[in-house]
Amino acid sequence: MIDAPDSGRPSCGGCTRRSVLVGAAVAVAATTAAGCGRGDADTAPARVPLAEVPVGGGRIYPQQDLVVTQPVAGDIRVFSATCPHQGCLVARVRDGAIECACHGSGFSISDGSAVRGPARKPLSARTFVIEAAEIVVR
Ligand code: FES
């Protein structure tokens, strides 16, 4: 097929029916693989090395929606990193509190309770086990 320059249709120099079909198949395969990858990540437990969590503080893992704290040595707590006020991810752990930068709420590193508003509800506690030197959150 020869595209006439004034036909009003987009030109596809060198395209064949076969190349178009192969391209479409590759696009579908890439989309499917990306979807499968996300699904696997959602079901796999999050693993945090114990050594990463400071005593008297904590660490935020935004990709896993987690805040892991250690109020005193050996006492691990795990919460969702999603602020119960309006859903921002909490931003930092400082001076015994988990802080949300969106509107200034603060939460206890010990039990996730709101210690400073506007949030009134606590951070959601997450279930976890400690295996070897890792915190495993399901
Ligand atoms: S969303 Fe966290 S304080 Fe508003």
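This structure is a prediction, so every number in the text was calculated from the model and none was measured.
With rounding to the nearest 0.5 Å, the separation of SG in C100 from CZ in R116 is 10.0 Å. For the atom pair CG of L66 and CG of L123, the computed distance is 11.5 Å after rounding to the nearest 0.5 Å. To the nearest 0.5 Å, atom CD of residue Q86 and atom NE2 of residue H103 are 4.5 Å apart.
The shortest heavy-atom contact between F107 and G112 is CD2-O, 3.5 Å. Heavy-atom minimum distance, K121 versus A114: O-CB, 3.9 Å.
Cysteines C88 and C102 have SG atoms closer than 2.5 angstrom.
Connectivity analysis of hydrophobic side chains (ILVMFWY, heavy atoms under 4.5 Å, direct or indirect) links L89 to nothing; its cluster partners are none. Hydrophobic cluster of V72: no remaining members, since no ILVMFWY side chain lies below 4.5 Å from it. In the hydrophobic clustering (ILVMFWY side chains linked at under 4.5 Å, chained through shared members), V136 is joined by V129.
Inter-residue side-chain proximity for F79 and P122 is flagged as unmet; no heavy-atom pair is nearer than 4.5 Å. For the pair P45/F128, no side-chain contact is recorded, criterion being any heavy-atom separation below 4.5 Å from C-beta on.
Every residue two or more places apart in sequence or in another chain that forms a salt bridge (Lys or Arg N to Asp or Glu O under 4.0 Å) with R138 is listed here: E131. Here E52 pairs with Y61 under the side chain to side chain donor-acceptor pair (under 3.5 Å) rule; sequence neighbours left out.
Both V78 and L50 are part of a single hydrophobic cluster, where members link through side-chain heavy atoms under 4.5 Å apart. In this structure, I60 is not a member of the same hydrophobic cluster as V68, with clusters built from ILVMFWY side-chain heavy atoms closer than 4.5 Å. When hydrophobic clusters are built by joining Ile, Leu, Val, Met, Phe, Trp and Tyr residues whose side-chain heavy atoms come closer than 4.5 Å, directly or via intermediates, I130 is grouped together with V137.
Without hydrogens or angle criteria, S80 side chain to T82 main chain gives a donor-acceptor distance under 3.5 Å. A side-chain donor-acceptor contact under 3.5 Å links Q70 to the backbone of V53.
Legend: salt bridge (Lys or Arg N to Asp or Glu O under 4.0 Å) pairs involving residues 66-93, not counting sequence neighbours, sorted by first then second residue: D75-R77, R92-E99.
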